[in-house]
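Here is the structure we will look at.
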Amino acid sequence: MTEDLSDQAAILVMFKAHLAENNNWLDFASFMHHALFDPKYGYYMRDTYKFGSRGDFITAPEISDLFGRTVAKQCAQIIQMTGGSILELGGGSGVLGSDILLELDRMDHTLDEYLFFEPSAALTGRQKDRIARLAPNIRSRVRWVSELPKNFTGIILANEVFDALPVHLLSLNVNGWQERGVVVDNESLVWQDRPIEDERLYHAIDGLDVNFPYVTEVCLAVNSLVNELSQSLDVGAILAFDYGYEHSSYYHPNRRDGTLSCHYQHKVDSDPLERLGHKDITAHVDFSRLAHAAHDVGLEVSGYVSQADFLVNCGFTDLLAAIDPEQMDAYLPAASAAQKLLSPTVMGEMFKVISLTRGINEPLFGFSHRDRRHML
Ligand SMILES: C[S@@+](CC[C@H](N)C(=O)[O-])C[C@H]1O[C@@H](n2cnc3c(N)ncnc32)[C@H](O)[C@@H]1O
């Protein structure tokens with residue numbers, strides 16, 4: 001407890017320094033960036049368990065290797081067309097990379113390389129431990145990069161990366177739209193709304209037909225990341241998996257509190273100003289913004305489906321059917337994982353998959369049925 005208090009006091013000192021450099025008001029995107037990625041105190045930079053039962057939340061690849069094995073089928077189709085490598089952004093514990101590499105090996109598909117681009121040194125360490133367990137002929141293809149490669153050919157994967165990008169908070173109250181930021185009051189961080197100054201934020205809410213009180217998020221960082229990925233990608237596909245909505249649903253009049261949420265020991269709450277640096281902070285992805293950002297930098301938005309449809313389109317159910325139901329030890333966890341990954345009430349519908357491609361002319365089979373690009 002004493003350790004906790006001194007940790008929180010040290011984080012408050014860190015935030016006070018940032019506030020002092022910013023006229024004593026920090027926009028929420030800057031706050032979120034420091035809370036997640038401060039080199040010493042940021043949530044993702046600490047060497048603690050984040051994923052799975054010992055951590056704070058669970059992601060699809062952590063639920064079952066059936067997820068990574070199914071994604072590998074889509075990767076195999078793309079690599080057959082383009083050749084080249086896979087670049088995984090924010091690889092977490094390394095489990096998705098490991099499962100994809102094993103499945104591609106089983107399918108006799110060779111990659112030039114599997115690259116991890118991970119801002120957290122602590123998570124890079126976990127990825128290295130995981131990959132070290134693979135056979136030498138597989139792990140020899142794996143490399144960690146500290147910058148996005150130039151002239152990349154192949155596949156860029158991002159599972160639950162876009163939801164970790166910092167968002168700006170906007171609040172509609174009796175005075176109209178304002179930007180929500182953070183100040184220090186009585187030795188605590190508290191909210192304070194100010195007039196919006198950034199034109200891009202005005203533009204984002206322009207025309208929204210909602211009533212006050214209403215709080216929502218705008219992720220300007222999506223545009224920067226998509227632009228950087230586009231500059232990196234010569235030929236191939238970016239596949240992003242994440243929870244989120246299309247614009248009309250994201251900014252629905254009934255979604256009055258936005259989508260910002262925090263995850264700590266498998267509990268979800270909406271107060272990012274408490275337990276600083278110890279909770280994951282995330283916002284749903286506005287897939288329409290992501291798609292428009294991609295279009296603006298010359299990428300083709302070539303598919304957009306629910307996670308359940310993507311997995312089924314890629315042959316998830318064949319992998320499941322190949323497990324003998326008599327082998328209860330293997331079958332029961334697989335059936336339970338299938339329920340979580342596919343069910344519309346768990347991850348199947350809330351999670352979407354979008355493909356952004358360049359120089360690929362054939363349709364990707366992960367998006368062959370129930371493509372919903374018309375909703376973006
Ligand atoms: C919610 S975790 C998901 C981890 C993993 N992909 C999974 O599904 O289990 C978010 C990951 O994205 C990484 N991340 C956050 N911002 C990033 C960025 N701009 N570029 C690359 N990775 C990023 C984090 O360090 C972390 O590894």
Side-chain angles (χ1 to χ4, degrees), residues 15 18-19 21-23 25-38 42-44 89-90 117 119 147-148 156 158 160-172 176-183 191-208 210 214-233 238 240-252 255 257-262 272-273 280-299 301 304 352 354 356 376:
F15 274 115
H18 289 301
L19 281 157
E21 288 163 12
N22 287 281
N23 278 334
W25 183 85
L26 210 52
D27 65 79
F28 186 76
S30 303
F31 165 85
M32 183 168 164
H33 173 74
H34 297 309
L36 295 181
F37 291 105
D38 177 79
Y43 174 77
Y44 278 111
L89 308 181
F117 175 75
E147 284 176 15
L148 294 176
I156 301 179
E160 291 205 36
V161 173
F162 280 91
D163 69 78
L165 297 180
V167 291
H168 287 264
L169 280 186
L170 299 180
S171 151
L172 179 64
W177 281 104
Q178 296 203 299
E179 181 172 0
R180 179 153 291 182
V182 172
V183 295
W191 298 117
Q192 191 179 86
D193 293 352
R194 290 216 173 156
I196 298 172
E197 285 180 359
D198 189 327
E199 282 294 322
R200 294 169 302 171
L201 297 177
Y202 265 124
H203 182 67
I205 49 162
D206 193 27
L208 285 193
V210 297
Y214 191 91
V215 179
T216 192
E217 311 89 30
V218 174
C219 188
L220 299 177
V222 160
N223 298 69
S224 322
L225 181 55
V226 168
N227 186 30
E228 285 168 32
L229 297 179
S230 169
Q231 285 184 17
S232 174
L233 184 70
I238 300 165
F241 304 72
D242 229 309
Y243 39 88
Y245 310 107
E246 306 83 45
H247 188 276
S248 56
S249 179
Y250 201 102
Y251 297 102
H252 193 277
R255 203 180 299 289
D257 300 317
T259 71
L260 190 74
S261 62
C262 307
L273 306 186
D280 187 23
I281 308 174
T282 141
H284 284 45
V285 174
D286 171 359
F287 277 99
S288 301
R289 170 173 277 275
L290 209 169
H292 286 125
H295 177 78
D296 288 350
V297 293
L299 289 163
V301 181
Y304 175 59
K352 316 286 192 307
I354 194 165
L356 315 172
L376 287 167

So [Y] and [X], do their side chains get closer than 4.5 Å, heavy atoms only?
X	Y	answer
D257	V215	no
S171	W191	no
R289	Y250	no
E179	P195	no
L356	V301	yes
F31	R180	no
T259	V167	no

Quiz item: Should the pair H18 and H34 be assigned to parallel (<30°), tilted (30 to 60°) or perpendicular (>60°) ring geometry?
Solution: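 H18 vs H34 ring planes: parallel.
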Practice problem: Let me see the working for I281 and Y43 under side chain to side chain contact (heavy atoms under 4.5 Å, CB included), right down to the final yes or no. | Solution: CA-CA 9 Å; I281 308 174; Y43 174 77; over 6 Å; no
Practice problem: Please identify each residue that fulfils side chain to side chain donor-acceptor pair (under 3.5 Å) with D27, with sequence neighbours left out. | Solution: S30
Practice problem: Decide side chain to side chain contact (heavy atoms under 4.5 Å, CB included) for I156 and L148; before the verdict, give the C-alpha distance in whole Å, the side-chain angles of both, and the deciding distance to 0.1 Å. | Solution: CA-CA 10 Å; I156 301 179; L148 294 176; over 6 Å; no
Do you know the tightest heavy-atom contact between [X] and [Y]?
X	Y	value
A291	L376	CB-CD1, 3.9 Å
Y251	V218	OH-CG2, 3.8 Å
H33	P166	CB-CG, 4.0 Å

Quiz item: Please walk me through it: do I354 and D242 pass side chain to side chain contact (heavy atoms under 4.5 Å, CB included)?
Solution: CA-CA 9 Å; I354 194 165; D242 229 309; over 6 Å; no
Quiz item: Is the count of non-hydrogen atoms from other residues, nucleotides or ligands lying under 6.0 Å from R200 atom CZ greater than 12?
Solution: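 Incorrect, the count does not exceed 12.
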Quiz item: Does a sphere of radius 6.0 Å around NE2 in H247 hold more than 12 heavy atoms from other residues, nucleotides or ligands, not counting ones at 6.0 Å or beyond?
Solution: yes
Quiz item: Could you go step by step and tell me if D280 and L36 meet the side chain to side chain contact (heavy atoms under 4.5 Å, CB included) rule?
Solution: CA-CA 7 Å; D280 187 23; L36 295 181; 3.9 Å; yes
Exercise. I would like to know whether Y243 and T282 meet side-chain hydrogen bond (donor to acceptor under 3.5 Å, both in side chains); could you show each step before the answer?
Key: CA-CA 10 Å; Y243 39 88; T282 141; 2.7 Å; yes
Quiz prompt | Y245 six-ring face occupied by R255 cation (under 6.0 Å, within 45°) | solution = yes
